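To start, the structure under review is shown below, and the notes come after it.
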Amino acid sequence: MTADAARRIAVAAQGFGQKPPVKADRRALAKVLASTQLLQIDSVSVAVRAHYAPIFSRIGPYDRDLLDTATWAHTARKPRMLVEYWAHEAALMPVEDWPLMKWRMRKYENGRYGHAHHVTERNPRLGQDIRAIIDEVGPSSSADLEKLLGMQRTTKKGPWWDPTDVKVVCEQLFASGRLSVERRVGFARQYELPEKVLPAGLASTDMSEGDAVRALVAKSARALGIATEPDLRDYYRLKREQTTPAIVDLIDDGVLEPVTVRGWGSPAYLHVDATVPRKSVGAALLCPFDPLIFFRTRTERIFDFHYRIEIYTPEPKRQFGYYVFPFLLDGELRARVDIKADRAANALRVPGAFLETGHDRGVVVPALTNSLREMASWLGLDDVIVGERGDLAQFLRN
């Protein structure tokens with residue numbers, strides 16, 4: 001198989017190039033999730049929270065309340081579609097995938113980093129007390145729980161770099177599956193007991209690690225279309241010793257087909273339901289955590305696009321900008337733009353815009369201009385203000 005065909009497969013598998021839905025409703029959202037399988041969550045909000053952007057990239061402007069309701073609201077008529085857990089990184093995943101993470105929850109008995117035992121040794125009843133309070137009062141943030149427990153923070157440091165014992169144990173309970181997230185308020189998790197978040201019986205449903213990993217690799221393969229073993233491993237942050245036997249089983253079951261992609265240099269696996277479009281069409285701005293590009297090694301291999309997020313790079317050393325969106329046009333990454341939503345100015349600011357080598361500026365500029373205007377409108381901003389940096393900037397301003 002040619003690398004070009006593999007790229008078209010990968011783009012199509014992620015839900016690009018399809019006809020936009022007539023209505024951006026729960027059915028359209030479900031279709032996006034069938035392609036991506038998960039939505040990564042990230043705290044950066046300079047443009048828009050990361051979990052909202054991939055849906056916009058695939059179906060165009062939609063009401064973000066649609067995703068909020070599907071994730072944080074639950075009624076008998078409209079049950080919750082998504083739940084938060086450590087799937088890729090922090091991510092929204094279909095509620096029915098909760099049992100697929102039970103093996104990981106067992107590994108996270110002492111939290112993701114294993115240091116929570118230092119806290120529980122100091123206060124062995126803290127986890128029990130937290131669950132008891134949440135059972136009584138309902139969804140609570142760690143700050144709420146600190147007040148109820150009389151353990152308020154005494155320092156002025158922030159929770160990300162100086163977590164209290166309550167925050168540490170809440171995160172331990174969340175990682176181990178003994179708490180879930182009912183909703184987020186100001187991006188802070190509101191913890192709740194899993195049996196009150198998930199459909200009846202699902203919280204207690206278990207699966208063996210082997211069965212769960214096979215299911216996760218199959219979901220990765222569907223989302224990626226065509227993939228190497230490291231690609232399949234990264235999607236749900238698995239380990240090689242897990243994915244290798246799972247791939248063998250999925251080949252035997254006819255779910256995966258081994259293929260060779262020219263120029264990849266590694267064995268690849270094609271999902272049985274993957275399609276090979278004759279061409280890729282459409283334009284999309286991709287946030288840094290979009291599932292199409294969040295594994296940077298794969299992004300470089302498929303698109304010949306070297307991409308690193310520069311948030312933590314000192315400003316004078318940044319090559320492209322603080323929060324850069326690659327621009328997907330007709331199946332290729334042809335440009336990148338630094339984006340910031342400036343609410344005070346009621347504008348989408350583009351401090352920098354850069355054309356990728358070998359691509360036609362005359363083709364990229366009008367398509368990118370339309371995409372930026374569409375994003376601004378979706379975010380409720382009236383203007384697009386382009387800065388000075390990058391070889392596309394002056395042409396986007398004209």
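Only a predicted model underlies this, so the values are computations on that prediction, with no experimental measurement involved.
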| note | The remaining residues in the hydrophobic cluster of Leu292, counting side-chain heavy-atom contacts under 4.5 Å among Ile, Leu, Val, Met, Phe, Trp and Tyr, are Met1, Ile9, Val11, Phe16, Ile226, Val259, Val261, Trp264, Leu270, Val276, Leu286, Ile293, Ile302, Phe303, Phe305, Tyr307, Phe320, Val324, Leu328, Leu333, Phe354
| Minimum-distance pair of heavy atoms, taken over all atoms of Arg131 and Glu195 | NH2-OE2, 4.4 Å
Give every donor-acceptor pair under 3.5 Å between a side-chain atom in residues 197-209 and any protein atom, sequence neighbours left out.
from   : atom 1 : to     : atom 2 : distance (Å)
Ser204 : OG     : Gly201 : O      : 3.1
Thr205 : OG1    : Gly201 : O      : 2.9
Asp206 : OD1    : Arg106 : NH1    : 3.0
Asp206 : OD2    : Arg106 : NH1    : 3.2
Ser208 : OG     : Asp211 : N      : 3.2
Ser208 : OG     : Asp211 : OD2    : 3.3
Glu209 : OE2    : Gln242 : NE2    : 2.9

| said: Quick one: does any side-chain atom of Asp42 pair with a main-chain N or O of Ala50 as donor and acceptor, under 3.5 Å? | reply: no
| Cation-pi check, Arg336 onto Phe325 ring (under 6.0 Å, within 45° of axis) | no
| Do Arg189's NZ or CZ and the ring of Tyr191 fall within the cation-pi criteria of under 6.0 Å and 45°? | no
| message | Please determine whether ring-ring contact (aromatic ring centres under 6.0 Å, His included) holds for the pair His88 and Tyr236, giving the CA-CA distance in whole Å, both sets of side-chain angles, and the decisive distance to 0.1 Å. | response | CA-CA 5 Å; His88 177 70; Tyr236 287 98; 8.3 Å; no
| message | side chain to side chain contact (heavy atoms under 4.5 Å, CB included) for Ile385 and Val350? Distances and angles first, verdict last. | response | CA-CA 6 Å; Ile385 301 175; Val350 185; over 6 Å; no
| said: Can you confirm whether Lys196 is buried at NZ, in the sense that more than 12 heavy atoms of other residues, nucleotides or ligands lie under 6.0 Å from that atom? | reply: yes
| task | Look at the rings of Phe289 and Tyr323 and say which category their plane angle falls in: under 30° parallel, 30 to 60° tilted, over 60° perpendicular. | result | tilted
| request: Walk me through it: do Tyr108 and Phe174 pass the test ring-ring contact (aromatic ring centres under 6.0 Å, His included)? | output: CA-CA 9 Å; Tyr108 287 164; Phe174 171 60; 9.7 Å; no
| Apart from Val248 itself, residues in the same hydrophobic cluster as defined by side-chain heavy atoms under 4.5 Å | none
| said: Is it the case that the side chains of Arg178 and Ser176 hold a donor-acceptor pair, with the cut-off being a distance below 3.5 Å and no angle test? | reply: yes
| field | Presence of salt bridge, Glu300 and Arg296, under 4.0 angstrom | value | no
| Quick check: does any side chain N or O of Asn123 sit under 3.5 Å from a backbone N or O of Val119, one acting as donor and the other as acceptor? | no
| request: Determine whether more than 12 heavy atoms belonging to other residues, nucleotides or ligands lie under 6.0 Å from atom CZ of Arg343. | output: yes
| query | Any donor and acceptor pair, going by atom type alone, linking the side chain of Arg298 with main-chain N or O of Leu224 inside 3.5 Å? | reply | yes
| Is Arg240 salt-bridged to Glu229, cutoff N-O under 4.0 Å? | yes
| With a cut-off of under 6.0 Å to the ring centre and 45° to the axis, is Arg112 in cation-pi contact with Trp86? | yes
| task | Drop me the distance from Gln190's CD to Ser180's OG, to the nearest 0.5 angstrom. | result | 12.5 Å
